[in-house]
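Take a look at the structure below.
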2 protein chains.
Amino acid sequence: MSDLLERLRGRGWRMTAQRRVVAEVLDGDHVHLTADEVHARAVTRLPEISRATVYNTLGEMVTLGEVIEVATDGRAKRYDPNAHRPHQHLVCGRCGAIRDVHPAGDPLADLPDTERFGFVISNVEVTYRGLCPSCATTA
Amino acid sequence: MSDLLERLRGRGWRMTAQRRVVAEVLDGDHVHLTADEVHARAVTRLPEISRATVYNTLGEMVTLGEVIEVATDGRAKRYDPNAHRPHQHLVCGRCGAIRDVHPAGDPLADLPDTERFGFVISNVEVTYRGLCPSCATTA
DNA sequence: CCCTACAATAGACATTGTCTAAGTCAAGTG
DNA sequence: CACTTGACTTAGACAATGTCTATTGTAGGG
């Protein structure tokens, strides 16, 4: 089930205990951990892993395109291993819950040439904000 | 031309030299300054203004709905005084340039009920990423 | 089994943002 | 126009997140 690890291995990534643990911690669906959360979980399996290594490893996975960096709240960046199916995010402004969602249509197509100002656009990030069912009723 | 200041005054906002300077610095089109940039510019007009006041003032303007907080890069938040015309942002990943853009259609309408998972959605933030004309040719 | 280049480490440092206690002031009241 | 009061501002400590460096460790090829 460790797809992420397999993909990384297949790219000639030098494997170490630290990298394996980071990849395992981050693998799965609807995973959107911050670097510190990844570190906290990694430490339970490999107590001597350092923060710097977690940051470096996450950065490399992003560069390789196997993990996506998401800025949902202007605070800590979050890391999403679901890099191979285009999707967007739904965020609860109260408790911070995050869901992957798949809007209809291509958001890129909605931006006419006249509104591109000569930019070469490579991707679009859409964040839907609101309240999750639980927070909406407790509000 | 200080529309922002007028709008704030009209809401019974207690006026001080500091608040006036922050509002003036932030006013205009295609303005997307970080809190520290606002502070740097404010200091040239009012040398004793503190960082805390800039943060407080920006936060209040956001609460009043007269300024929008934008998280374009996972680093510092940016503040956009163009709060009364819905728009999205186009960001250059190399030099950080930001443009306001107006996509066709309503991004909210693209998210079917089955993809809302019971969330009450209040707004959508769309960030188009790419390279600006100048960075695209120098790349 | 040994090299060697690449990876990991601890901890200092940088950036961005928040909080507190004390001083200051805008604006309504008399 | 002085007084008063509650809201505003300040400096600086603190917190959270991220980056960098010099040193030590190790994966994987020969």
Side-chain angles (χ1 to χ4, degrees), chain A residues 5 8-26 32-64 66-80 93 96 98, chain B residues 5 8-26 32-43 45-64 66-80 93 96:
Chain A
L5 199 50
L8 292 167
R9 210 195 302 271
R11 284 165 174 258
W13 213 40
R14 182 164 156 181
M15 192 50 57
T16 67
Q18 292 85 349
R19 289 178 169 190
R20 191 177 356 260
V21 166
V22 170
E24 284 171 2
V25 161
L26 200 58
H32 307 91
L33 299 171
T34 66
D36 261 11
E37 286 165 353
V38 171
H39 180 244
R41 297 186 187 200
V43 160
T44 67
R45 302 200 199 183
L46 189 66
E48 70 275 23
I49 193 171
S50 75
R51 282 189 339 119
T53 295
V54 171
Y55 277 97
N56 288 342
T57 304
L58 290 172
E60 285 156 20
M61 297 192 305
V62 170
T63 299
L64 289 173
E66 295 297 345
V67 165
I68 291 173
E69 209 173 58
V70 188
T72 51
D73 61 352
R75 304 271 302 178
K77 289 174 198 160
R78 292 182 174 274
Y79 294 88
D80 182 341
I98 303 177
Chain B
L5 199 51
L8 293 165
R9 209 195 303 271
R11 285 165 174 256
W13 212 42
R14 181 165 157 182
M15 193 47 59
T16 68
Q18 291 83 350
R19 288 178 169 188
R20 192 179 352 260
V21 167
V22 170
E24 286 171 1
V25 161
L26 201 58
H32 308 91
L33 299 171
T34 65
D36 261 10
E37 286 165 352
V38 171
H39 180 244
R41 297 187 187 200
V43 160
R45 303 198 199 187
L46 190 67
E48 70 275 23
I49 193 171
S50 73
R51 284 191 336 123
T53 296
V54 171
Y55 277 97
N56 288 343
T57 304
L58 290 172
E60 285 156 19
M61 296 192 305
V62 170
T63 300
L64 289 172
E66 296 296 346
V67 165
I68 291 174
E69 210 173 58
V70 187
T72 50
D73 61 354
R75 305 270 303 178
K77 290 173 197 160
R78 292 181 175 275
Y79 294 88
D80 183 342

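Reckoned from all heavy atoms, side chains included, excluding hydrogens, waters and symmetry mates. Each chain gets a letter, A, B and so on, in the order its sequence line appears, and its residues count up from 1.
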>> What is the separation between atom CG on A:Leu46 and atom P on C:dA7, rounded to the nearest whole Å?
In response: 17 Å
>> Here's a test of your reading of the structure: between B:Asn56 and B:Ala17, which maps to the more 5' nucleotide of DNA chain C?
In response: B:Asn56
>> Nearest whole Å is fine: how far is C:dG17 P from B:Glu60 CD?
In response: 16 Å
> Side chain of A:Arg78, backbone of A:Thr72: donor and acceptor closer than 3.5 Å?
Replying inline: no
>> Walk me through whether A:Asp80 and A:Val67 qualify under side-chain contact (heavy atoms from CB on, under 4.5 Å).
In response: CA-CA 6 Å; A:Asp80 182 341; A:Val67 165; 5.6 Å; no
> Any side-chain N or O of B:Arg14 under 4.0 Å from OP1/OP2 of C:dA27?
Replying inline: no
> What are the two closest non-hydrogen atoms of B:Ile49 and B:His39, and how far apart are they?
Replying inline: O-NE2, 3.2 Å
> Is the closest side-chain heavy-atom distance between B:Ile68 and B:Val62 below 4.5 Å?
Replying inline: no
> Nearest-Å distance, CE (B:Met15) to P (C:dG28)?
Replying inline: 13 Å
> Does B:Gln18 place a side-chain N or O at less than 4.0 Å from the phosphate oxygens OP1/OP2 of C:dC25?
Replying inline: no
>> In this structure, how many angstroms lie between the C1' atom of C:dC6 and the CZ atom of A:Arg11, rounded?
In response: 19 Å
> If we only count heavy atoms from C-beta on, is the A:Glu69 to A:Met61 side-chain gap below 4.5 Å?
Replying inline: no
> Taking only N and O in the side chain of A:Thr16, is any of them less than 4.0 Å away from OP1 or OP2 of C:dA8?
Replying inline: yes
>> Whole angstroms only, please: what is the CD-C1' distance between B:Glu69 and C:dT16?
In response: 12 Å
>> Using a 4.0 Å cut-off to any heavy atom of chain A, which nucleotides of DNA chain D are the first and last in contact, reading 5' to 3'?
In response: D:dA16 to D:dG28
> Is there a side-chain contact between A:Val25 and A:Val21 (heavy atoms, below 4.5 Å)?
Replying inline: yes
> Looking at side-chain heavy atoms only, is the closest gap between A:Leu5 and A:Arg20 below 4.5 Å?
Replying inline: yes
>> Do B:Tyr79 and B:His32 make a side-chain contact, defined as non-hydrogen atoms from C-beta onward lying under 4.5 Å apart?
In response: no
>> One pair to check against side-chain contact (heavy atoms from CB on, under 4.5 Å): B:Arg19 and B:Glu60. What are the steps and the verdict?
In response: CA-CA 10 Å; B:Arg19 288 178 169 188; B:Glu60 285 156 19; 2.9 Å; yes
> Using a cut-off of 4.0 Å between protein heavy atoms and nucleotide atoms, how would you tag nucleotides 10-15 of chain C 5' to 3' with B, S and -?
Replying inline: BB---S
> Does A:Thr53 put a side-chain nitrogen or oxygen below 4.0 Å from OP1 or OP2 of C:dT9?
Replying inline: yes
>> Using whole Å, what does the distance between atom C1' of nucleotide C:dA7 and atom CE of A:Met61 come to?
In response: 15 Å
